[in-house]
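The structure appears below as structure tokens.
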Amino acid sequence: MRIWFWGAGKYLEKIMDVIVDKEMIAGIIDKSEALQGCEKKGISIFAPENASVNGEDIIIITALFRHEEIFLDALQRFKSQPDKVLCFFDEKTNYKFWKAHIDILKWEMVYENILLTRRVEKLEREIGYINNLKYEIQDMVSKRKLSFPCIRSGEEALYKIIVENKCLCRFGDGEFEMIAGRKRPDFQLPDGQLGKRLREVLMGRDDRVLTCIADNYGSLEAYTEKAANDIRAYMTEDIRQEHMDLLDRNMEYYDAYVSRPYILFKNKERAEALFQLWKRVWENRDVLIVEGSLTRNGYKNDLFNSAKSVKRLLAPAENAWAYYRNILEYILENIDRKCLIIISLGPTATVLAYDLALAGYQAIDIGHIDNEYEWYLRRADERTDISYKYVHETVNGRSVEEINDADFDNQIIARIGC
């Protein structure tokens with residue numbers, strides 16, 4: 001009998017310490033490709049399909065939330081018996097059944113310590129809400145003693161793209177975190193050159209380019225309660241100051257949530273008008289979609305049906321920046337400048353749209369617009385998995401189904417790095 005841990009998150013090492021005989025630990029299971037092949041405390045991390053779990057092995061699930069889903073996945077995937085799969089953070093788990101293999105006192109201490117830490121973090125988020133409230137109130141009553149960037153609406157941005165053939169570069173929290181050298185989008189590792197280029201784009205003043213930032217700095221009344229609280233938790237005093245140090249008070253920005261018009265907002269009807277404007281962006285245009293290999297913008301929906309033609313350049317689903325030069329050179333050498341370039345590649349898309357704009361293309365960083373459209377069509381109330389598309393914001397969003405679609409495959413003109 002061996003012990004496997006499912007989940008290589010921040011609590012793993014503390015949970016590993018409850019095992020009495022460390023020789024029993026066979027490995028760690030995690031669905032994150034970025035972690036697979038790495039080690040924690042000398043123990044290898046495997047993809048679920050590569051873990052050699054047998055019926056006698058114990059699986060300890062380390063996830064704090066949604067451990068029920070992982071529990072069911074483990075039972076089905078490894079044909080395990082229910083009493084062999086332990087959810088560390090499920091109070092109903094009969095961990096004492098395995099008392100010969102674990103330090104029960106340490107198990108209980110680690111469990112209580114982590115839950116206490118989570119309570120403290122929750123309190124800190126509530127304090128963040130209070131700290132942020134003054135900015136929201138100040139904006140709503142139109143007093144400008146506090147400093148706010150000027151952010152024009154997403155509708156205005158789309159009209160300029162349609163009428164004036166403007167390009168669009170988006171900056172969300174992931175791009176700002178990359179500039180600061182921190183990892184925020186878990187599909188792109190921090191890179192000094194990427195951070196430098198993102199700063200350059202943010203500071204750029206080319207008239208062909210619309211620079212978008214998320215409208216997080218003042219009133220949050222348009223957002224759902226969850227979305228507003230998530231923004232408050234992120235927008236600490238330090239983060240706000242970092243952003244304001246980078247932004248130009250005299251510049252007009254546009255709302256980066258133009259590519260996220262549905263899930264975040266209370267008013268779901270506004271999304272319909274924005275999606276119609278997006279469709280006008282590529283109406284009767286030859287379009288090249290530059291996207292991650294599993295993103296599949298427009299697949300199984302009508303988002304790009306108004307385009308004259310659609311071709312695709314596929315890049316890696318994660319860490320696309322490593323192939324940036326190859327992607328840019330391919331487009332410059334092979335794609336006509338009359339073609340509209342649509343890009344969905346995380347922070348890499350921001351830089352690529354800017355460089356292509358300088359090279360004479362109309363290039364649009366569309367971010368998560370396709371996922372948002374899928375949720376809109378489903379009338380979803382929260383982000384959900386889309387089985388045949390990569391959704392990095394959901395629990396199982398990276399487990400993407402293979403597809404066999406000749407029409408889709410015929411649109412692919414190049415694969416770079418994937």
Side-chain angles (χ1 to χ4, degrees), residues 154 157-158 161 166-179 183-191 193-202 204 206 208-214 253-261 278 281-282 287-298 303-304 310-332 335 339-359 361-373 389-393 414-418:
L158 289 171
I161 291 169
K166 298 290 187 180
C167 299
L168 185 145
C169 296
R170 296 169 47 263
F171 286 82
D173 53 5
E175 285 70 31
F176 279 103
E177 291 296 288
M178 282 287 164
I179 291 174
K183 183 179 180 181
R184 177 71 173 183
D186 52 11
F187 55 83
Q188 176 62 61
L189 294 173
D191 182 282
Q193 185 61 26
L194 174 56
K196 179 180 177 181
R197 289 303 320 279
L198 285 168
R199 180 188 288 267
E200 176 187 327
V201 175
L202 185 61
D206 193 287
R208 292 167 289 189
V209 178
L210 305 179
T211 302
C212 295
I213 60 176
Y253 298 95
Y254 293 85
D255 187 6
Y257 289 142
V258 66
S259 66
R260 288 182 176 270
W278 274 111
V281 168
W282 42 76
V287 172
L288 174 68
I289 300 176
V290 183
E291 62 183 354
S293 58
L294 301 175
T295 304
R296 298 166 182 164
N297 281 287
L303 187 59
F304 290 96
V310 174
K311 298 298 182 185
R312 298 177 188 269
L313 187 162
L314 303 190
E318 299 183 352
N319 300 312
W321 179 252
Y323 296 90
Y324 179 76
R325 181 54 54 184
N326 308 77
I327 296 168
L328 176 62
E329 289 178 354
Y330 179 90
I331 295 172
L332 295 177
I335 304 301
C339 184
L340 175 66
I341 312 296
I342 300 295
I343 314 165
S344 183
L345 273 181
T348 300
T350 306
V351 180
L352 183 58
Y354 186 79
D355 286 346
L356 289 173
L358 299 188
Y361 292 87
Q362 186 180 15
I364 312 295
D365 170 10
I366 63 168
H368 299 273
I369 188 67
D370 182 75
N371 287 346
E372 290 278 321
Y373 191 55
K389 296 184 179 183
Y390 185 104
V391 184
H392 82 96
E393 297 168 315
R415 299 176 187 266
I416 297 177
C418 59

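No experiment lies behind these values; they were computed from the predicted model shown.
Leu202 places none of its side-chain heavy atoms less than 4.5 Å from the side chain of Cys169. For the pair Lys196/Glu200, no side-chain contact is recorded, criterion being any heavy-atom separation below 4.5 Å from C-beta on. Counting only heavy atoms from C-beta outward, the side chains of Ile161 and Gln362 approach each other to under 4.5 Å. Annotation: side chain of Leu198 is in contact with side chain of Thr350 (closest heavy-atom distance under 4.5 Å). In this structure the side chain of Leu168 never reaches within 4.5 angstrom of the side chain of Tyr254, judged on heavy atoms. Between Glu291 and Leu314, the closest side-chain pair of non-hydrogen atoms falls below 4.5 Å. No side-chain heavy atom of Ile364 sits under 4.5 Å from any side-chain heavy atom of Trp282. By the 4.5 Å heavy-atom criterion applied to side chains, Ser259 and Ile366 are not counted as neighbours.
Under the side-chain hydrogen bond (donor to acceptor under 3.5 Å, both in side chains) criterion, Tyr324 pairs with Asp355, not counting sequence neighbours. With sequence neighbours excluded, no residue forms a salt bridge (charged side-chain N to carboxylate O under 4.0 Å, His left out) with Glu372. By the salt bridge (charged side-chain N to carboxylate O under 4.0 Å, His left out) test, Asp255 pairs with no residue at all, sequence neighbours left out.
Distance check, rounded to the nearest 0.5 Å: CD1 of Ile213 to CD of Glu175 gives 12.0 Å. The distance from atom NZ of Lys311 to atom CD1 of Ile342, rounded to the nearest 0.5 Å, is 16.0 Å. Separating the CD1 atom in Ile289 from the CZ atom in Arg312 is a distance of 4.0 Å, to the nearest 0.5 Å. Within the model, atoms OG1 of Thr295 and OH of Tyr390 stand 8.5 Å from one another, a figure rounded to the nearest 0.5 Å. In this structure, CG in Asp370 is found 12.0 Å from CH2 in Trp278, a value given to the nearest 0.5 Å. One finds the CD1 atom of Ile416 at 12.5 Å from the OG atom of Ser293 (value rounded to the nearest 0.5 Å).
Proximity of a side-chain donor or acceptor of Asp365 to a complementary backbone N or O of Arg170 within less than 3.5 Å is detected. Between the side chain of Tyr361 and the backbone N or O of Ile335, at least one donor-acceptor pair lies under 3.5 Å.
For the residue pair Val209 and Ala357, the shortest heavy atom distance occurs at CG2-CB, 3.6 Å. Closest of all the heavy-atom pairs between Asn297 and Ser344 is ND2-CB, 3.5 Å. When every heavy atom of Leu352 is checked against every heavy atom of Ile331, the shortest pair comes out as CD2-CD1, 4.3 Å. Nearest heavy atom pair, residue Ala315 against residue Leu345, reads CB-CD2, 3.9 Å. Nearest heavy-atom pair across Ala359 and Leu332 is CB-CD2, 3.7 Å. Of all non-hydrogen atoms in Pro190 and Met178, the two that sit nearest each other are CA-SD, 3.7 Å.
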Mind running side-chain contact (heavy atoms from CB on, under 4.5 Å) on Asp191 and Asn319 for me, showing each step along the way?
CA-CA 10 Å; Asp191 182 282; Asn319 300 312; over 6 Å; no
Does the side-chain contact (heavy atoms from CB on, under 4.5 Å) test come out yes or no for His368 and His392, once each step is laid out?
CA-CA 10 Å; His368 299 273; His392 82 96; 3.6 Å; yes
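Atom CZ of Arg208 sits in a crowded spot, with more than 12 heavy atoms from other residues, nucleotides or ligands closer than 6.0 Å. At most 12 heavy atoms of other shown residues, nucleotides or ligands fall within 6.0 angstrom of atom OH in Tyr323.
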